[in-house]
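First the proteins, then the strands, lettered A, B, ... as listed; each starts at 1.
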Amino acid sequence: MHISEGILSGGVLLAGWAGTSAGVAVGLKHTDSAKIVRTALISSAFFLASLVNIRIGPSSTHLTLLAPMGLILGWGVFPAVLVALTLQAVLFHFGGLVVLGVNTFIMGFSALSVYLVFGRAVRESKRGAVLSFLAGSLAVILAAGLAGVSLAMTDPNFLNAAKVLIIAHIPLAIIEGAVTVFMVSWLKRSAPEFLS
Amino acid sequence: MTRDAYTLEFSAPASGTTRKISPEVLVISSVIYALLVTCAESIAGLVLCMPLPAVLILRRKIEHVRLICLDLVMIITMGLTWPVMSEGLIMGLITAWRVDMIYVVFAGLVVPLGAGAVYSLPLPEKLRVLLILTVRGIFILRESLQTALISVKLRAPNVKGMMKLKVFAYVLGGTLLKASAKSERMMLAVESRGGFGGFRQGEGGKFGVSDWCVLAGMGVYLAVIVVA
């Protein structure tokens, strides 16, 4: 889901940085010193999850944990994603520093949307499992969709590639949905304060 | 992969010219270079961008197998999805050329610096502290997660499918909770060091003559590419 350097146009890169700057500014305002350690911890989990490969037939993918991140951190998800992606760019050169704005916006916006739409319902509803699955799956599809939109805005000829990108992420969306269901149900039982 | 979770904070031994340049200047120069390549739309502009990665390829050992695989996937995907296949293949080649040049510069200049490369960048204090704590958190989580996954592997070596995902999710949730206790101790340490002001590790140093020379050189390079 990382878009590499050198692909997107200047306008899309600028728009990505504008969105990310706004998200990070609001996120940092919501992250007080008591929450910063938890934010760092979730950011670390997001970083490590990308190093765990999951086999899908002949290919493999890695988890993103976008929905759990959004549900736990809320608005604080933007700084967490920015930090994790910065480390990935600097240490492994996944993505890159110039395209970091777009990549952070794609993932941060997806995680935040899930929090805004499903956050309260997942905590309080009796159909928490269904909603968690939807949250986990939709976060991945939304992120892939936003990556596709970024490509299509750079050059309309990328439209078919964008469709392929979204279709390729459907298996990951299902896996991510299942992991979110199990993780949220476990956290609701063992540490409900994590989701509050 | 050029690094793994064990070597996050380790930097490669300084060598040659780059040891005289501050880490933040190397990061900023690499970002300027990535902007140069992004701005260069003509073939002449792209050719002008080549000297820096060419020098780095000759002087540094750059991992190339992953790069070539990614290039092939990108070129084939663009060829298959572009409205006209031949145009798509040409676009794929040009895009791969761009991506490779930026990759070589980052892999040669920034990746060897380790996580410390970003600590000293001019970032808001809260974000800098978050970066430092995240790197610490990666070590804590990696250790706990590794132990938990080994124990799962020993107890249930044949677990597959949905059960495997369930186990992974529970292990991750449990590890987060355990690490949270350690993190609270980290927070106490932060507070006992005088709050965020205690994080002197990330403060940037002053730029020397060689740093300003590199930045000026990158500025001239940028001007040449824009004119080309």
Side-chain angles (χ1 to χ4, degrees), chain A residues 4-10 13 24 28 31 33-34 36-45 47-49 51-52 54 63 65 68 72 79-80 82-84 86-87 89-93 96-99 155 157-164 175 178-183 186-187 190-191 194, chain B residues 1-5 8 27 30-31 34-35 37-39 77-78 81-83 88 91 95 98-99 101-103 106-107 110-111 113-115 117-118 124 126-127 129-131 133-138 140-142 145 162 165-166 168-170 172-173 176-177 179-180 183-184 186-187 195-196:
Chain A
S4 297
E5 303 261 40
I7 293 177
L8 299 178
S9 64
L13 290 173
V24 169
L28 285 177
T31 311
S33 59
I36 202 162
V37 177
R38 182 175 292 179
T39 309
L41 202 64
I42 303 296
S43 185
S44 313
F47 178 93
L48 283 175
L51 303 179
V52 178
I54 292 177
L63 289 176
L65 300 181
I72 293 171
L82 178 69
V83 164
T86 304
L87 287 173
V90 170
L91 300 169
F92 306 126
H93 200 249
L97 288 179
V98 176
V99 81
D155 188 334
N157 289 320
F158 273 121
L159 207 59
N160 287 334
K163 286 176 193 166
V164 170
I175 292 173
V179 170
T180 308
V181 170
F182 297 132
M183 212 169 148
W186 195 85
L187 284 174
S190 310
F194 253 74
Chain B
M1 189 178 287
T2 43
R3 280 178 177 275
D4 53 30
L8 288 183
V27 175
S30 304
V31 170
L35 282 172
V37 177
T38 307
C39 293
T77 309
M78 284 180 74
T81 56
W82 217 254
M91 277 302 294
T95 310
R98 277 204 172 107
V99 171
M101 287 197 293
I102 298 172
Y103 176 87
F106 268 87
V110 178
V111 172
L113 297 173
V118 282
K126 233 183 221 179
L127 206 56
V129 172
L130 190 59
L131 254 169
L133 288 178
T134 301
V135 174
R136 302 285 185 279
I138 290 169
I140 293 174
L141 270 186
R142 178 188 57 80
L145 204 58
M162 197 57 80
L165 290 180
K166 192 173 181 177
F168 180 76
Y170 284 9
L172 191 61
L176 270 178
L177 277 189
S180 172
S183 302
E184 278 167 20
M186 275 162 58
M187 195 61 217
F196 294 159

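Residue B/Ile102 comes nearest to A/Glu5 through the heavy atom pair CD1-CB, 3.6 Å, listed as atom of the first residue, atom of the second, then distance. Shortest non-hydrogen contact noted between B/Leu130 and A/Ala40 is CD1-N, 3.7 Å. Closest approach of A/Leu41 and B/Leu176 over heavy atoms only: CD2-O, 3.7 Å. The two atoms that bring B/Val27 and A/Leu97 nearest to each other are CG1-CD1, 3.7 Å, heavy atoms only.
Taken to the nearest 0.5 Å, the CG atom of A/Leu48 stands 11.0 Å off from the CD1 atom of B/Ile140. Expressed to the nearest 0.5 Å, how far CE of B/Met78 lies from CD1 of A/Ile7 amounts to 7.5 Å. To the nearest 0.5 Å, atoms OG1 (B/Thr38) and CG (A/Leu8) are separated by 8.5 Å.
Contact tally against chain B (heavy-atom pairs below 4.5 Å) for A/Ile42, A/Leu65, A/Val98, A/Leu13: the top residue is A/Val98. Of the listed residues A/Asp155, A/Asn157, A/Asn160, A/Val24, the one with more heavy-atom pairs under 4.5 angstrom with chain B than any other is A/Asn157.
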_One pair to check against side-chain contact (heavy atoms from CB on, under 4.5 Å): B/Phe168 and A/Met183. What are the steps and the verdict?_
CA-CA 9 Å; B/Phe168 180 76; A/Met183 212 169 148; over 6 Å; no
_Apply side-chain contact (heavy atoms from CB on, under 4.5 Å) to residues A/Leu87 and B/Ile138 and explain how you reach the verdict._
CA-CA 11 Å; A/Leu87 287 173; B/Ile138 290 169; 4.0 Å; yes
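Residue B/Val37: no heavy atom, backbone or side chain, is found under 4.5 Å from chain A. Interface residue A/Ala178: only side-chain heavy atoms are found under 4.5 Å from chain B. Using a 4.5 Å cut-off between heavy atoms, A/Ser4 contacts chain B through its side chain alone, with no backbone atom that close. At a 4.5 Å heavy-atom cutoff, the contact between A/Ser43 and chain B is made by backbone and side-chain atoms alike.
Under the 3.5 Å distance criterion, the side-chain polar atoms of A/Ser44 are matched with a main-chain donor or acceptor of B/Thr134.
Using cut-offs of 30° and 60° for the angle between ring planes, the A/Phe182 and B/Tyr170 rings count as perpendicular.
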